[in-house]
Amino acid sequence: MKKKLVCIGNGMAGMRTVEEILKLEPDMYEISVFGEEPHENYNRILLSPVLAGEKTIDDIILNSAEWYTENNITLYKNEKVVEIDRIRNQVKGENGTVLDYDRLLVATGSTAFIIPVPGHQLEGVIGFRDIKDVNTMLSAAKTGKNAVVIGGGLLGLEAANGLRKQGMSVTVVHLLDTLMERQLDKTAASLLKRSLEDTGLNFKMEAQTEEILGTDGKVSAVKFKDGSTVDADLVVMAVGIRPNINLAQQAGLQCERGILVDDTLQTYDPKIYAIGECVQHRGQVYGLVAPLFEQAKVCANHLVDLGYSRYEGSVTSTKLKVTGIDLFSAGNFTGTDNSEDIIFQDPSIGVYKKLVIEDDKIIGAVLYGATLDGSWYFQLMRDETDISAMRDKLLFGQAHLGDSGHGDEDHILTMPDDAEVCGCNGVCKGDIVDAIVKKNLFTLDDVRAHTKASNSCGSCTALVEQLLASTLGNDYSASPAHKPLCKCTDLTHDEVKDAIIEKKLTSIHDVFEALDWKTPDGCATCRPALNYYLISTFPNVAEDDSQSRFINERAHGNIQKDGTYSVVPRMWGGVTNPAELRAIADVADKYDVKLVKVTGGQRLDLFGLTKEQLPHIWADLNKAGFVSGHAYGKALRTVKTCVGSEWCRFGTQDSTGMGIKLEKMTWGSWTPHKFKIAVSGCPRNCAEATIKDFGVVAVDSGWELHVGGNGGIKVRVTDLLCKVTTEEEVQEYCGAFMQLYREQAHYLERTAPWIERVGLKYVQEIIVDDAEERKALYERFLASQEISQIDPWAELAKKPESPQFKPLKRIEA
Amino acid sequence: MSQQFTIGTLNDIPQMGATTVETPNGRYAIFRTRNDDVFALRDQCPHKQGPLSQGIVAGNIVICPLHNWRIDLTSGKVQAPDSGCVNTLPIEAQADGTLILTLAD
């Protein structure tokens, strides 16, 4: 027999939990749902656009009647629950429905707080909470002229904006002198007030409502403490929400401001869980959607008896859903005694940015007029990243560090619908917004799956996140603080890596077993990551599972769009000679190579080879003295050099020789992502060393070492690590830096984002300041190289008949 | 009439891996899962003709190496949110591991 789950509340929190349960254990429960409203579940956060006439009710329905039927969920809509009987484990509805439960989910949400001033019960005084309120406002706008919105917070301003768009003359009344004081500082609030005034809204600040006046039981005006009055055909109270806890209180469940729950969303009654705006968790009550989605995941995890997930509270950020106004706020934006503000303000273009910094970390942010970097700052804030090294550039945003693919297009609101956001997959702004609304997408992953935007190179991720935020407003849940490695686990990269070390796991299936993987074989995201973590943590011991490597690393070539491969032989330091060139020319002729191309890393790339040809061409290249160039791997790629002091009249050191030494030392090493090195012979930097993962620039007195550069999607110039004098030192620092990166970065994280995440200071403390640690890292690097420097081509060239390369059989017609 | 062909043995294919067979109807990818189930699918992703035999196999899914489309080995169906399907052929591993592929004419 199925267990019975009853959910009180048919809102976003309750249904999100039910959806999460269905994903995990679709057959575990017989599910019934009570909803007080006469509707299916809808997207409450999109009520503002409905009021503004930008969307219809149908647009915002999340789960249709069919969805309930298909999933065998009984919906009692239009029925309020009047009693929870915890002795009999029963729930009673006002229409006489009585249901037994094995588990009860309380998701009663919250109601708008109505200030109990005289006249608050008059017709035409409402909150802004549900479809009914919106319908009341829409019909008031048809007959009446004047509206007063009490409350200059997020919700109040959205209501006011909607009513104005419906043609009403709207006055916003606020108790304080700053709008949205919980999200904005004074400067941003006054900018906001000015632009809202420009749209035609009226404001009455520092005004306390004394009474609501009426005629014939209908509202007619609002009177204030200072004696003044404002005419009103409609009064919307948006001064806050109160969790709906009456029902829970009557049932004897412990409540304070909300229903008390623990980290599993369980109430004091172990059979009863509660979620959403009605709960109080670690002293916090949330009124935004993002935390609620995080809660739903955890709650479902416990309701289906998995029991390992925990909710530890949410950090929230805010976005105002008023068309044409770009506003972002997060964290502590007013600062503390020890914090400092970094501020950029340009009134003529209407931009204001403020970051609050404490102990070299961002603790709060307010952005007005240019919010593209909101999600980046938010991420830095939640990751507690040390920002000291990029402090001078921080305020100009992530794009300032360089960007490709969409030029300087960073103002999402002014972008036309047909503007291309994702240059890789040709996805326009309109496509993305459409998909978000019509397919009810809430996260970056959702958008990636449904539109392919931001799914390839990722350079438009900030733009897509921006679109999500501006379409969904508060409800956009930015990537969660604890980002799981992939959908097969709830653990993060770091948690998985730590577990591998701690539990001494040496094979992928050991990891799956020890860490309760959700899928039997993992997926194309986690398997390559795990394989890397295993072989880099326990070189020599862990098995390198070739089936968990991407095809390029299995075939030791780069797969091309037509399924053929390209092959790059290694040319140490980019130096070659007539014999080598002749050998390559012969091979190119023999295998009918379609294209020979000089790469950006100073190598020759041979294109158009079939898989069957690979072992044969490798054998021929081996014979001529070549080994694999690893142009296909998450590995040391190339060491690019300039000619240096041997030939160049400006050269200060032998950069070519140095580059060859580095390449001989580092080739064959697997790294979290590709790793490029360059050595320039003088500060003219012809080898472009300052956009490489490890760049060496010769100066007269020695060598400058640079790290964390990138010339790809996001151009990032290296940070100067330090200066050294001898070639031996260059090698030691290079090996130590690579080893630190190999041990600590996440799989598929280039050195640039890794350094931005951990901070340059951290890397310097280990590599530059701590000679002992540097030597230990260098030794670990060399030890791992002893078993890594085997040419994969030579191994595989011995088996040209293997079914890995050749069809198992040819069946003739 | 359909015709049966012995194409090799189970051990010719790595677990969670694939090999290929050329047929008069084009190249087919022969997959072996971790449970030693075998499947034969046209070696061509319906998206941009990527060689599915080169993809990563997880459970009964292969992930196309070109753009990560996910294809169900049992049905040949492309997994949501993408859509499409890949032709499949009946294939069977006998008790001794011999693989028998059936071609319709």
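Lettering of chains follows the sequences in order, A, B, ..., and the numbering in each one begins at 1. Worth knowing before you read on, the calculation uses all heavy atoms, side chains too, and leaves out hydrogens, waters and symmetry mates.
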Asker: Indicate yes or no for a side-chain donor-acceptor contact from T23(B) to the backbone of I811(A) under 3.5 Å, with no hydrogens or angles considered.
Answerer: no
Asker: Got a second to check how far S53(B)'s OG is from Q804(A)'s CD, nearest 0.5 Å?
Answerer: 11.0 Å
Asker: Looking at CG of L808(A) and CD1 of I7(B), how far apart are the two atoms once the value is rounded to the nearest 0.5 Å?
Answerer: 5.5 Å
Asker: Using non-hydrogen atoms only, which part of R549(A) is less than 4.5 Å away from chain B: side chain, backbone, both, or neither?
Answerer: backbone
Asker: Between M16(B) and D521(A), is there a side-chain heavy-atom distance shorter than 4.5 Å?
Answerer: yes
Asker: Do you know which of G522(A), G563(A), A449(A) has the most heavy-atom pairs with chain B at a distance under 4.5 angstrom?
Answerer: A449(A)
Asker: Short question: side chain of R554(A), backbone of Q54(B) - any donor-acceptor pair under 3.5 Å?
Answerer: yes
Asker: Which of the residues Q15(B), E22(B), R27(B) is involved in the greatest number of heavy-atom pairs with chain A at under 4.5 angstrom?
Answerer: E22(B)
Asker: So do the side chains of P520(A) and R34(B) get within less than 4.5 Å of each other, counting heavy atoms only?
Answerer: yes
Asker: Which bit of P65(B) is near chain A, if near means a heavy-atom gap under 4.5 Å: side chain, backbone, both or neither?
Answerer: both
Asker: Return the CD to CG distance between Q560(A) and L66(B), rounded to the nearest 0.5 Å.
Answerer: 9.5 Å
Asker: With respect to chain A, which residue among I56(B), I13(B), L101(B) yields the maximal number of heavy-atom pairs within a distance under 4.5 Å?
Answerer: I56(B)
Asker: Rounded to the nearest 0.5 Å, what's the gap from CG on N68(B) to CZ on F550(A)? Could you check?
Answerer: 7.0 Å
Asker: How long is the gap from CZ on F5(B) to CZ on R810(A), to the nearest 0.5 Å?
Answerer: 15.0 Å
Asker: Under a 4.5 Å heavy-atom cut-off, does chain B meet the side chain of K452(A), its backbone, both or neither?
Answerer: side chain
Asker: In terms of heavy-atom proximity below 4.5 Å to chain B, should D562(A) be classed as side chain, backbone, both, or neither?
Answerer: neither
Asker: May I ask you to check whether K561(A) and Q49(B) show a side-chain donor-acceptor distance below 3.5 Å?
Answerer: no
